[in-house]
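Read the numbers this way: they start at 1 and go in the same order the structure lists the ligands and their atoms. What you see is a predicted model, and the numbers here were worked out from it, not measured in a lab.
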Amino acid sequence: MFIDLKETILEVIYPGSFDPLTNGHLDIIERAADKFERVIVSVLNNQKKTYLFSLQERIDMLKKSVSHLKNVEIDNFDGLLIDYVNEKKCCMIIRGLRAVSDFEYEMLMAIANKKLNPCVETLFLVSASEYSFLSSSLVKEISGFGGDVSSMVPKYVEKALNKKFREEKNGK
Ligand code: COA
C-alpha cells in the first residue's frame, strides 16, 4: 500500500535509538516541530541490541524533555522502519545530518526505504554546528568516566546518566 504524499505531508516521523537523547537530537525535534503540524519521535527497540537505557527509560527521557512541544508525540517501534511508517500512514521520515560521515549511512537508509515504499520521503536537517560533534556513545563515555555532560544533554538525561553509572558502580 502506497501513501499519497500530498495528503499527509504535515506529519513526520523522527526515528532513532535515543540511547540516550542528546541536545543534538532535541535540536532536530524542536526544529521539526516548528515546521510540521505533528512530529512523532519513535524509539527503536531492537531486541538484538544491548542498550544502556531500557525502552521505557528512553521513552521517559523523551517525554520529559519535549513536554514544552505540544505537537510532538513519543512512540516506539521494532522491526522495519518502513513497516512502522506505513502503519502510521505517514510519508515523511526526518533524520539529522551531523557531518559528511553521516551522509553515506543515511543516504543508503533513505534509498532502501524509498525502494520499499516509493511514496515515503526522507528529509534531512543539518545539525546545528554546536552539536555536530555529539553522539550518544560520546555522552555515555564521558558520563561513565564522571565527566560533565550538562551542556550535551537535557537535565533529566544528565540525572538519569548519573543514576545509571552510580548504580553500576555500586553493583546494582
Ligand atoms: N545529534 C546528536 N547525535 C545524533 C544526531 C543528532 N542530531 N543524529 C544522530 N546522532 C547519533 C546518535 O547519538 C547515535 O550515536 P551513537 O552511534 O554514538 O549511539 C547515532 O547518531 C545514531 O543514532 P540514531 O540517530 O538514534 O539512529 P540509529 O542508527 O540508532 O537508528 C534507525 C536509526 C532507527 C532509523 C534505523 O536503525 C532503522 O530504521 N532501524 C529499523 C530497521 C530497519 O528498518 N532497517 C532498514 C533500514 S533501511
Side-chain angles (χ1 to χ4, degrees), residues 12-36 39-63 65-66 69 72-88 90-145 147 149-154 156-158 160-161 164-165:
V12 286
I13 289 177
Y14 180 34
S17 302
F18 306 107
D19 186 38
L21 170 74
T22 69
N23 285 341
H25 292 124
L26 194 56
D27 168 59
I28 300 290
I29 296 169
E30 284 173 343
R31 287 161 55 200
D34 187 52
K35 294 283 177 281
F36 293 92
V39 179
I40 304 173
V41 182
S42 201
V43 184
L44 172 65
N45 192 30
N46 182 346
Q47 313 282 357
K48 291 185 198 130
K49 222 173 136 180
T50 311
Y51 298 102
L52 177 64
F53 291 99
S54 68
L55 175 65
Q56 194 54 53
E57 286 171 325
R58 287 178 284 142
I59 290 173
D60 289 345
M61 277 173 196
L62 274 156
K63 283 191 172 163
S65 308
V66 305
L69 303 168
V72 175
E73 183 189 304
I74 310 303
D75 196 18
N76 67 88
F77 76 105
D78 55 17
L80 279 182
L81 173 61
I82 205 70
D83 288 341
Y84 170 76
V85 171
N86 289 341
E87 192 187 296
K88 285 278 170 194
C90 187
C91 59
M92 179 88 69
I93 298 165
I94 254 189
R95 294 283 292 163
L97 277 183
R98 292 164 299 170
V100 181
S101 48
D102 279 345
F103 183 74
E104 196 176 346
Y105 170 67
E106 293 295 341
M107 192 188 66
L108 294 178
M109 273 206 312
I111 293 172
N113 282 326
K114 194 136 186 71
K115 276 253 178 284
L116 295 169
N117 183 346
C119 292
V120 172
E121 297 292 345
T122 303
L123 184 72
F124 296 108
L125 295 188
V126 174
S127 280
S129 55
E130 63 264 42
Y131 302 129
S132 58
F133 72 99
L134 253 185
S135 73
S136 300
S137 312
L138 190 81
V139 161
K140 283 182 278 197
E141 188 168 349
I142 295 172
S143 184
F145 284 114
V149 292
S150 58
S151 62
M152 302 175 199
V153 294
Y156 182 85
V157 176
E158 188 193 353
L161 281 161
K164 185 71 77 181
F165 287 121

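At least one donor-acceptor pair closer than 3.5 Å links the side chain of Ser65 to the backbone N or O of Met61. Counting only distance, with no hydrogens or angles, the side chain of Arg31 and the backbone of Val126 share a donor-acceptor pair below 3.5 Å.
In this structure, atom 23 (O) of ligand 1 is not in close contact with the protein, since no protein heavy atom lies within 4.0 Å of it. Shown here, atom 2 (C) of ligand 1 is in close reach of the protein: a heavy atom of it lies under 4.0 Å off.
With ligand atoms numbered from 1 in the order given, ligand 1 contributes 48 (S) to contacts under 4.0 Å with heavy atoms of Ala112. Each of the atoms 2 (C), 3 (N) of ligand 1 lies under 4.0 Å from some heavy atom of Leu134. Atoms of ligand 1 lying under 4.0 Å from at least one heavy atom of Met109, given by number and element, are 35 (C), 36 (C), 48 (S). Under a 4.0 Å criterion applied to the non-hydrogen atoms of Thr22, ligand 1 contributes the atoms 1 (N), 2 (C), 3 (N). Taking every heavy atom of Gly79 and a limit of under 4.0 angstrom, the matching atoms of ligand 1 come to 41 (C), 42 (C). Near Asn113, meaning under 4.0 Å from any of its heavy atoms, are these atoms of ligand 1: 48 (S). Here is the list of ligand 1 atoms found below 4.0 Å of a heavy atom in Ser137: 16 (P), 17 (O), 18 (O), 19 (O).
At a heavy-atom cutoff of 4.0 Å, ligand 1 is contacted by the side chain of Leu44 but not by its backbone. In Ile28, the part holding a heavy atom less than 4.0 Å from any atom of ligand 1 is the side chain.
Between Thr122 and Lys114 the shortest side-chain heavy-atom distance does not fall below 4.5 Å. The shortest side-chain heavy-atom distance between Val66 and Leu26 falls under the 4.5 Å cut-off.
For the residue pair Thr22 and Tyr131, no side-chain donor N or O sits within less than 3.5 Å of a side-chain acceptor on the partner. Between Asn86 and Asn117, the side chains place a donor N or O and an acceptor N or O closer than 3.5 Å (distance only, hydrogens not considered). Using a 3.5 Å distance cut-off with no hydrogens or angles, the side chains of Tyr84 and Asp75 do pair a donor with an acceptor.
Under a cutoff of 6.0 Å and an axis angle of 45°, Arg95 and Tyr14 do not form a cation-pi pair.
Counting heavy atoms only, Ser17 comes closest to atom 31 (O) of ligand 1 of the residues Gly96, Ser136, Ser17, Ser127.
For atom 45 (N) of ligand 1, the nearest protein heavy atom (residue, atom name, distance) is Leu80 CD2, 4.0 Å. Residue, atom and distance of the protein heavy atom nearest to atom 27 (O) of ligand 1 are Arg95 NH2, 3.3 Å. Taking atom 44 (O) of ligand 1 as the reference point, the nearest protein heavy-atom neighbour is Leu81 N, 2.8 Å. The shortest contact between atom 20 (C) of ligand 1 and any protein heavy atom is with Arg98 NH2, 4.2 Å.
Between Phe18 and His25, the angle of the ring planes goes over 60°, which puts this pair in the perpendicular group of the 30/60° scheme.
At a 4.0 Å cut-off, at least one heavy atom of Phe18 sits close enough to ligand 1 to count as contact.
Below 3.5 Å of separation, one finds an N or O of Tyr105 facing an N or O of ligand 1.
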For this session: Give the intermediate values and the outcome of side chain to side chain contact (heavy atoms under 4.5 Å, CB included) for residues Tyr51 and Val43.
Result: CA-CA 12 Å; Tyr51 298 102; Val43 184; over 6 Å; no
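Under the 4.0 Å criterion applied to side-chain N and carboxylate O atoms, Asp19 and Lys140 are assigned as salt-bridge partners.
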